[in-house]
Amino acid sequence: MTATHISSPVPATARTAAPASDEGSARALTGKRRIAFASFVDENYLPGFLVLLRSLALSNPGVCEDFIVLHDDLKPSSVARIRALHPRVSFRRVDADHYDSYAKGNQDNYLVRKAYFILDVFKIRDYDTVITLDTDMVVLDSLAELLSLREGLAAVPQFFYGRHKLNSGLLVIQKEYLSDEFYARIDQVGRSGSYELDKHDQGILNAVLDGDFVRLDARYNFVKRRLSGDLPVPEDTAILHFTGRHKPWQGGEAGYDLAQERWREFDLSDADLQAAYLGGGGTMHQDLLIHFGTPHVERTGHVDTARRVAHAHIAKGDYQSAVEIMERVHIPIDEAWPHEVYGHALMSVSRYEEARAQLLLATSAPNRAATAFARLAQVSWVHGDDGAAQQYALQGLTVDPTHRASRIWHQRTIGVPAQQQGSPADQLAHVAFYMDRQGNAGDKLLPESVRLAFDPDTTNRRWHSVHAHRLFDEAALERVNARRGLVIGGGGLFIPDTMPNGNSAWQWNVPDELMSRIDVPIAVYAVGFNAFDGQSYRAQRFRDSLRLLVERSAFFGLRNHGSIEKVRAMLPSHLHDKVRFQPCPTTVTRQLVANWQDPVKRDDTILVNAAYDRASLRFGHDYGYFLEQMARAVRELGDLGDVQCVAHSLDDEKIAFDLRREHGVSMPVIPMYDFENDEIRDLYARTRLVIGMRGHAGMIPFGCGTPIISLISHPKMAYFLRDIERPEWGVSVHDRNLADVLVERSRDLLADHAKTVADVHGRQQELWRITQANAADLRAVLGG
C-alpha cells in the first residue's frame, strides 16, 4: 500500500485529548486501540450488506473487530440476518431529519440521502479507528494494512480537474476526526450547501479537507467502472466497489459480468457461509470460529468442527462452553484429538475423572499422545499424586523427548522439596504459585518476598507451602488447620486462565465447602486482579468464591488500588471496607532483605523487557508498530548506556530475535528465568534503568531502588504507577510516539541519576509506611 500522510487539519490538542467516558477503563490505561468497521444499511441495500459481511469474514478470517450498523429503520428480521453473520455487531440509528436539511430540495433522491447518512460515523466517540465500508462493496483480500493505520483520515484519491479528491465508500478515520469539533465543521458545510452536491458525502468531506488526507492505493476502493467491457478484476484488488445505480443484487449491469461473478461468490446461505469459513485456510479469529462453528456443529454433528470450536473457547478462557460443545457430538473412540481437547476442557472445570477417561483415549494416537500424557500428569499432580504424575510425564517424553510440557511436569515431580519438620504451631501455611525452574522470574521471587514481609526466616521451618494450583482437599485442610494461620499471596492470583479450575475460577483450586472449614486466621496479602483488557472470568463462580474468601479473611490486602476497585465492584457493599491496600512486597525489597546494601557503583546498562503471553490482548494490530518503534528506541538508547534484553521467561527473548530479524538491531539476552532470587535482586539493583513490560519487571527493580519506565500493555502497570504518583514513568505500547517518548523519558531519568534514585526511594518509603501499618494489624491477627 502506498499511503501519503498530509498534515492533520485538527489542532494537536484535539488529537491528544481522551474523552471523559474512557477514564478508569482498562483500555484508557493500556492505550490499546479500539477499532470498528461501520456501514449505513437500509432495507434496499441489505442484500449488498449481507454479501459484504460474508466477504469480509471469508477474505479476512483472522479479523473480527466490532461492526457498527448505522440505520434509519431496519426490520427485526433484517437485524437477525445481520447478527447471524457477525458476532460483534451493534446498531445505531442516524438522525435522518438532520441530514434531510442538507439535501436542499433533493429529498426524493434516495442515493443522495443514503450518502449523507454515513456522515453519522463522525459522531462515534468510543473507538480510536473507524473503517467505513459501503454496502455495495465486497472484500477480496487482506485489510491488515488498513487496520494498522494510526494517523489521519485515509481514503483512495480520485483526480478531478487537476486536483485530488477522496473517493467515497472506504474511509479509515482516526480518533482526532471522531470529535465534536470535526463534526461541527462537517455540519457547517453540509448546511451551507457550499460543496459539489453530486458528490454527496465525499463532496462535504472534500470541502472540509481540501485535499488534506492520507492517500491509499486504489486497490482498497477499486471501482467497477474501471472494468467496463467485462475486464477481469485485478488479482491484487482488496475491495471491489460496485458504484453506480445498477447493483449486483438488482440484476447488475451489462459489460461487468466478471466483476459481478466475484460478488456472487459471496452470495451464500448461512449454512454455506459457515461451511466455507470452516473449510478455509489461514488463521481464524476465535470469535468467528465460535460464531460460525457452533451452528454448524448443531446442524451437522461434525466432530472436528466441535473440537476446533472447543479449542477456541478454551483459548478465550470459556471452559464450560468448550465442555458443552463437545457434549453435543459423538466422538469415535479412535478420534484422539477431539478426546484430548474434551479432556482439556473437562479438567479446566474440575471434572477430573471424566477428563482422565478422555485423555487416556487420546494417548492412542502418536501425534496427540505426548500432550495427552502431559495433561494426565497435570491432573495427577493437582490431586497430589506425584508418582502417577511422574509416570505420565515419562510416557509423554517417551513418545516425544522434546515435549516441553511433559518435561516440566517430570521436573516438577522429581524436585518436590520435603517439608521440614518444624512445629506446626510455629508455622504459617502459605498458598502461592510456586514457580518451576526456568519459569517466570517475577513469580519465582514472589513467594519469598511475601514471606519476608512476615518473617526473616523464609524456609519451611517457619512456613508450610500450599501450591495454589493443587486441589485443596481434606488432607490439605487438616494440614492448614494445624498451623497458626494461613497466608494467601504471591502474584496476580485473581486471573482465570493460568491454571483454570471449576472450584473457584481463580488460581487457588479450593472448593467453597473446604474454604468454609478453615478455622485458622486467613490473611490475603498483596494479591492482584490480573485480568487483561478484553479478558473475562466465569463471573458467578468467581464472585461466589471471592465473596466467601473476603468473608472468611481476617486481613484482605490487594496490591494496587485498581485491583481494589475491581474487587469491590464484585462484592456487596458491607464487605467493601474489608478490602485494603497492601503493596506488593517486591516494591519494598530494600526494606525487607536483611543487611541490604545499595550499590556503590552501578553497571552502565539499560535493561529492556517485553512480554509475549496473551500477545493478541497486549498488542492487538500494533505489534509491527511496536517493534519498529522499539528498534528506533534501542538504537537511540545506545547513546545513553549498554542496552540489554532481560528475559523473565523464555518467551521474553522474542523481542531480541524479532528486532534482529526485522530491523537489524541486536541486544544481548540475559536469561533471568535461570537466576536464583538473590541474583535477580542483584542484577536489578546494579543497573541504571529498567524498561519493562511485565509487572514485576517494574516492581522488582523499583523495590531495589532502580528507576523504571513501564511499557504498558496491561492495566496493572498503570495501577502501580498511579499508586506511586508517577504515571509519567509509563508509556503505552500503542503510543503514537512510543520511541520518542521512551528515549526522552529515559534521558530525563538518567540526566541526574542520583536525583532519580532518590525519588524512587521516596516513593518506596510511602509504600513501606503502609506495609508497616498493615504489619501491626497482621501481628494482632497471626501473632509473631
Side-chain angles (χ1 to χ4, degrees), residues 371 374-375 377-378 380-382 386 389-390 393 396-397 402-417 430-452 458 460 463 465-470 488-501 506-509 526-528 530 532 584-586 589 607 609-615 618 645-656 669-684 690 692-701 703 714 716:
T371 299
R375 298 202 194 287
Q378 179 179 336
S380 296
W381 178 87
V382 163
D386 289 324
Q390 184 179 139
L397 290 170
T402 68
H403 196 253
R404 186 165 182 258
S406 294
R407 185 172 68 254
I408 288 171
W409 288 112
H410 183 255
Q411 290 174 344
R412 184 176 289 189
T413 56
I414 63 174
V416 179
H430 184 196
V431 171
F433 175 19
Y434 296 94
M435 180 53 66
D436 301 297
R437 178 176 167 271
Q438 286 204 328
N440 185 312
D443 289 332
K444 191 184 304 181
L445 183 69
L446 273 170
E448 180 182 273
S449 298
V450 169
R451 292 180 180 189
L452 284 170
T458 62
N460 288 334
W463 294 86
S465 300
V466 181
H467 200 300
H469 295 164
R470 283 192 138 156
I488 302 169
L493 296 180
F494 293 148
I495 190 171
D497 62 350
T498 299
M499 187 80 154
N501 72 82
W506 54 287
Q507 289 304 287
W508 189 21
N509 193 346
V527 170
N530 261 26
F532 280 74
C584 180
T586 62
T589 294
L607 302 183
N609 164 266
Y612 288 90
D613 58 305
R614 307 165 183 87
R618 291 184 183 276
C645 169
V646 59
H648 275 223
S649 71
L650 285 163
D651 291 344
D652 294 1
E653 296 180 349
K654 178 176 169 60
I655 190 172
V669 175
I670 300 171
M672 188 172 274
Y673 48 79
D674 272 335
F675 283 20
E676 298 298 330
N677 289 345
D678 285 340
E679 294 176 287
I680 294 171
R681 288 185 283 253
D682 178 65
L683 178 70
Y684 273 142
V690 177
M693 192 180 298
R694 290 195 177 276
H696 282 96
M699 287 187 282
I700 296 172
H714 188 294
K716 66 182 178 182

Trainee: Closest heavy-atom contact between Arg614 and Ile495?
Mentor: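 Smallest heavy-atom distance, with atoms named: NH2-CD1, 3.8 Å.
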Trainee: Going through the distances and angles, do Cys645 and Ile670 end up as a side chain to side chain contact (heavy atoms under 4.5 Å, CB included)?
Mentor: CA-CA 6 Å; Cys645 169; Ile670 300 171; over 6 Å; no
Trainee: Given side chain to side chain contact (heavy atoms under 4.5 Å, CB included), test Arg375 with Thr371 step by step and report yes or no.
Mentor: CA-CA 6 Å; Arg375 298 202 194 287; Thr371 299; 3.8 Å; yes
Trainee: Has the side chain of Arg618 got a donor or acceptor atom that lies under 3.5 Å from a matching backbone atom of Asp613?
Mentor: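 Yes; judged by distance alone, with no hydrogens or angles, the pair exists.
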Trainee: Would you give the length of the straight line joining atom CH2 of Trp463 to atom OG1 of Thr458, rounded to the nearest 0.5 angstrom?
Mentor: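 OG1 of Thr458 is found 9.0 Å from CH2 of Trp463.
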Trainee: Between Glu448 and Arg681, is there a salt bridge with N-O shorter than 4.0 Å?
Mentor: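 Salt bridge: yes.
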Trainee: Asn440 versus Tyr673: any side-chain heavy-atom pair under 4.5 Å?
Mentor: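 Result no, sub-4.5 Å side-chain heavy-atom pair not found.
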Trainee: Looking at Asp651 and Lys654, is any side-chain nitrogen of the basic one under 4.0 Å from a carboxylate oxygen of the acidic one?
Mentor: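 Result for this pair is no, no salt bridge flagged.
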Trainee: Name all residues meeting the side chain to side chain donor-acceptor pair (under 3.5 Å) criterion together with Ser406; count only those two or more places apart in sequence or in a different chain, and write none if there are none.
Mentor: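 Partners of Ser406 by the side chain to side chain donor-acceptor pair (under 3.5 Å) criterion, ordered by chain and then number, come out as His403.
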Trainee: Write down the atom of His430, the atom of Pro447, and the distance for their closest heavy-atom approach.
Mentor: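 Minimum heavy-atom separation between His430 and Pro447: CE1-O, 3.5 Å.
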Trainee: Between CG of Leu445 and CG of Asn677, what distance do you get to the nearest 0.5 Å?
Mentor: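 Separation between the atoms: 4.5 Å.
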Trainee: Contact between Cys584 and His696 at the side-chain level, heavy atoms closer than 4.5 Å - yes or no?
Mentor: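 A side-chain contact under 4.5 Å exists here.
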Trainee: Mind checking whether Trp506 and Phe494 have parallel, tilted or perpendicular rings, split at 30° and 60°?
Mentor: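 Ring orientation of Trp506 relative to Phe494: perpendicular.
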Trainee: Between Asn609 (side chain) and Met693 (backbone), is there a donor-acceptor pair under 3.5 Å?
Mentor: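 Yes, the answer is positive, given that a donor and an acceptor are paired below the 3.5 Å cut-off.
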Trainee: Is the number of heavy atoms from other residues, nucleotides or ligands within 6.0 Å of CD (Glu676) greater than 12?
Mentor: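 No.
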Trainee: Listed by chain and number, what are the side chain to side chain donor-acceptor pair (under 3.5 Å) partners of Gln507, not counting sequence neighbours?
Mentor: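 Expected list: His469.
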Trainee: Phe433 and His467: aromatic ring centres closer than 6.0 Å?
Mentor: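 Judged by ring-centre distance (under 6.0 Å), Phe433 and His467 do meet the cut-off.
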Trainee: Please check: side-chain N/O of Thr589 versus main-chain N/O of Thr586, any donor-acceptor pairing under 3.5 Å?
Mentor: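 Judged by distance alone, yes, a pair lies under 3.5 Å.
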Trainee: Measure across Gly442 and Ile700 and return the closest heavy-atom pair with its distance rounded to 0.1 Å.
Mentor: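 The answer is CA-CD1, 3.9 Å.
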Trainee: With sequence neighbours left out, what residues match Ser649 under side chain to side chain donor-acceptor pair (under 3.5 Å)?
Mentor: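 Per chain and number, Ser649 pairs via side chain to side chain donor-acceptor pair (under 3.5 Å) with Asp652, Arg694.
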Trainee: For residues Leu683 and Leu607, determine if any side-chain heavy atom of one lies less than 4.5 Å from a side-chain heavy atom of the other.
Mentor: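 Yes; the side chains approach each other to less than 4.5 Å.
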Trainee: If I compare all heavy atoms of Gln378 with all of Trp409, which pair ends up nearest, and what's the gap?
Mentor: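 Distance-wise, the nearest heavy atoms are CG-CZ2, 3.3 Å.
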Trainee: Asp682 vs Phe675, test: side chain to side chain contact (heavy atoms under 4.5 Å, CB included). Steps then yes/no.
Mentor: CA-CA 10 Å; Asp682 178 65; Phe675 283 20; over 6 Å; no
Trainee: Where the side chain of His648 meets the backbone of Asp443, is there a donor-acceptor pair that is under 3.5 Å apart?
Mentor: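 Answer holds: no.
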Trainee: Which pair of heavy atoms, one from Ala697 and one from Gly692, lies closest together, and at what distance?
Mentor: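 Scanning both residues completely, I find the closest heavy atoms to be CB-CA, 3.9 Å.
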Trainee: Ignoring hydrogens and angles, state whether a donor on the side chain of Tyr612 or Glu653 is under 3.5 Å from an acceptor on the partner side chain.
Mentor: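 On atom types as modelled, these side chains do not qualify, holding no pair under 3.5 Å.
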Trainee: If we only count heavy atoms from C-beta on, is the Met499 to Asn509 side-chain gap below 4.5 Å?
Mentor: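 Answer no - side chains too far apart.
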Trainee: Which heavy atom of Ala432 sits nearest a heavy atom of Gly489, and at what distance?
Mentor: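 Reported closest heavy-atom pair: CB-O, 3.3 Å.
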